[in-house]
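Notes for the one structure printed next.
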Amino acid sequence: MTEGNQQKQFDSDSFLRHLTHQPGVYRMYDESGDVIYVGKAKDLRKRVSSYFREKVDRMKTQVLVKQIASMDVTVTNTEAEALILENSFIKKYRPRYNVLLRDDKSYPYIILTAHQHPKLGFHRGARRAKGDYFGPFPNGSAVRESLNLLQKLFPIRQCDDSYYRARTRPCLQYQLKRCLAPCVNVCTDDEYNEQVALAKQFLQGKNQQVIDELMNKMEQASESLDFERAARFRDQIAALRKTQERNSVTGSQQELDVIGLARGNGMTTVQMLFIRDNHLQGSRSYFPKVPTDTPDDEVLRAFLLQFYLSDTAGRKIPREVVLPVDVQPDNVLAEVMSDALSQPVKLQSKVRGDKRQYQSLAQKNAVNALESRLNQQSTMNRRTQALQQVLEFGVPIQRMECFDISHTMGQQTVASCVVFDQNGPKKSDYRRYNITGITPGDDYAAMSKALAKRYDNAKEQGNIPDILFIDGGKGQLAQAESYFNDWGKEAPVLIGVAKGESRKPGLETLIMAGSHATIPLSKDASALHLIQHIRDESHRFAITGHRQKRAKVKKTSTLEQIDGVGAKRRQTILKNLGGLQEVKNASIDKLASVPGISRALAEKIYYSFRDE
């Protein structure tokens, strides 16, 4: 199969059926695993379901939905927290379908200019002006509201430069004690820069440091009998304390990991929240295998040791880890972790303030992740049983595998094998195989080689699947039949999955090995949905491996390494286009215009330098 022939279809009905109504942030991924869109919602199910209505008016939404391969959510306590977290994720992932936010140029910022007397102002667009930028903010109103607050807290100018340069006497803002009037030298540069430094700290989230510093300055001014200045600092402190608000997404914790734990129906979820530089940088759900009746403290002890002390993980542990509220900290474990990591590590569960809110948030996300996984597992079990009935299996299906081939014009051919059991994808058993030594574009030969690589030692390893799906028609299926011809009863059941008319999901043809009889399944059959899921996952895995391989080739390719380009053609191409960089940037038409270069060769050269 060549890349782009099959688009993975997202099962929105199943995802929405078990989605929470709580506020939070949702992330959409394409088939290569890249985040393509981040959004926030007051009601996650209501908001996300709006993308999958039968009639969607906006073209952008229609295009976006076609690219979705998977989604995940992070639950928050309030919509405001979701908004802040959304901005954080957008800045981190730069999703291509958050069009206005892709390079942050359309998000408004607060700028503190680099003038002699810096100005606090509103900024949107390219950051050409020198200075410090704070944000991004969700909208212009949020920036203006913040600037209005800052004007009351810190007497820094917010006027335009032309107005500032034209002043001959203080303006009304000075009379309202909202500016120190540096334009007419009412204050000294040191006094003004002092307020600028405090404003910068405040915008960086160092609220308590600002208050502490103002307290010291107030005491110093009082001791020196400068009561007017001391009174100004006192008023600033009162205003700061009045406006100082915290929430569980932007707290005062510099570096902290928070753990949530949820258990039910034989499954355990451990939820991690990672707080860095006062912000929730991300979250992740883990589903460890836990023996029955294992107590919570033992589950967490095993998880902490494996998560933080793994030689291959390379994780940086914070000095403090917040555990679920009902779990007693293990001092011995903390000592072991401290010794192993050569730094003090504090484990605690009885916390207050910001940490308590983080703890609650982690638990809420753990419960949500557990419910989603259990519902997915239930769906997977139901579909597996449906397939078992369709195929008239006398015993439960334990293991299913699927092969797919991916290449671009026969180059960088990669075969993928994905593995499913009754609980869904078993990613630890996924494998990719680089296919060489075949005629470029020969999918049959590629399939034959891939099967040999996968199953030559399968009997000894004991990982023979019950069912093997081959993504392709009778030709690819014939390769599998030929390979397993002498396996007898040990051979897996072979099923070809051929694309239907217009390659639309639901129109696939399922072909049984041997008789090549087709399996009739309706579009809404659970068994067909399972096969589509397995086939799409195989395709995604193959495409990802192919892209990685092609990207590597792109970085190392030279003209001499391209099949069909000898020394003379290389000289001709470089002479006509002016150099290797120009060749890399040239279009197919431009390459084909070079004497002696056919369009087919031009396409081969073009794709050898690109990862599309």
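A quick note: this is a predicted structure, and the numbers were derived from the prediction, not measured.
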A side-chain contact here means heavy atoms from C-beta on lying under 4.5 Å apart; do [X] and [Y] qualify?
X: N368; Y: K364; value: no
X: V419; Y: M400; value: no
X: S32; Y: I543; value: no
X: L261; Y: L323; value: no
X: V322; Y: Y358; value: no
X: Y433; Y: L451; value: no
X: V493; Y: D466; value: no
X: H18; Y: T379; value: yes

[X]: side chain to side chain contact (heavy atoms under 4.5 Å, CB included) partners, not counting sequence neighbours:
X: E481; result: L477, A478, L494, A513, H516
X: T436; result: none
X: A446; result: I405, T413, I435, I438

Can you check side-chain contact (heavy atoms from CB on, under 4.5 Å) on I470 and L468, steps first, answer last?
CA-CA 6 Å; I470 303 296; L468 174 60; 3.9 Å; yes
Where the side chain of [X] meets the backbone of [Y], is there a donor-acceptor pair that is under 3.5 Å apart?
X: Q479; Y: A445; result: no
X: Q476; Y: G473; result: yes
X: D257; Y: V321; result: no
X: Q388; Y: T384; result: no
X: T439; Y: D442; result: no
X: N375; Y: S378; result: no
X: H529; Y: K523; result: yes

At their closest point, which heavy atom of [X] faces which heavy atom of [Y], and how far apart are they?
X: P465; Y: E401; answer: CB-CG, 3.7 Å
X: A82; Y: A41; answer: CB-O, 4.3 Å
X: R383; Y: S526; answer: CG-O, 3.5 Å
X: S285; Y: T269; answer: CB-CG2, 4.3 Å
X: L44; Y: L19; answer: O-CD2, 3.6 Å
X: V390; Y: A527; answer: CG2-CB, 4.0 Å

Are there more than 12 heavy atoms of other residues, nucleotides or ligands under 6.0 Å from atom NZ of K42?
no
Please check if atom CG in D456 has more than 12 non-hydrogen atoms from other residues, nucleotides or ligands closer than 6.0 Å.
yes
With sequence neighbours excluded, residues passing ring-ring contact (aromatic ring centres under 6.0 Å, His included) with [X]:
X: F287; result: none
X: F469; result: none
X: Y430; result: F541
X: Y29; result: none

Mind jotting down which residue pairs meet the ring pair (Phe, Tyr, Trp, His ring centres under 6.0 Å) criterion with at least one end in residues 365-405? Sequence neighbours excluded, please.
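Qualifying pairs, neighbours excluded: F403-Y455.
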For [range], pull every pair meeting salt bridge (Lys or Arg N to Asp or Glu O under 4.0 Å), keeping only residues two or more places apart or in separate chains.
range: residues 43-52; value: none
range: residues 423-441; value: R399-D429, K426-D429
range: residues 484-498; value: K459-E490

Rounded to the nearest 0.5 Å, what separates atom [atom1] in [X] from atom [atom2] in [Y]?
X: H539; Y: T544; atom1: NE2; atom2: OG1; value: 9.0 Å
X: S70; Y: D536; atom1: OG; atom2: CG; value: 12.0 Å
X: R535; Y: D404; atom1: CZ; atom2: CG; value: 9.0 Å
X: M512; Y: I495; atom1: CE; atom2: CD1; value: 5.0 Å

Could you walk me through whether L85 and K40 pass side-chain contact (heavy atoms from CB on, under 4.5 Å), step by step?
CA-CA 8 Å; L85 184 56; K40 65 93 182 172; over 6 Å; no
Residues S538 and S416: side-chain donor-acceptor under 3.5 angstrom
yes
Establish, from distance only, whether the side-chain atoms of Y26 and Y51 form a donor-acceptor pair under 3.5 Å.
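Distance-only check passes for Y26 and Y51.
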Is a salt bridge present between D296 and R263, judged by a nitrogen-to-oxygen distance below 4.0 Å?
yes
Between R540 and D34, does any NZ, NE, NH1 or NH2 come within less than 4.0 Å of an OD or OE carboxylate oxygen?
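Salt bridge between D34 and R540, a charged N being under 4.0 Å from a carboxylate O: no.
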What do the steps show when you test L370 against N265 for side-chain contact (heavy atoms from CB on, under 4.5 Å), and what is the final call?
CA-CA 10 Å; L370 177 65; N265 291 348; over 6 Å; no
Salt bridge (charged side-chain N to carboxylate O under 4.0 Å, His left out) against E603, all qualifying residues, sequence neighbours excluded
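Expected list: R599.
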Relative to the ring of Y483, is the ring of W487 parallel (under 30°), tilted (30 to 60°) or perpendicular (over 60°)?
tilted
Could you walk me through whether Q363 and Q271 pass the side-chain contact (heavy atoms from CB on, under 4.5 Å) test, one step at a time?
CA-CA 7 Å; Q363 188 62 29; Q271 184 75 29; over 6 Å; no
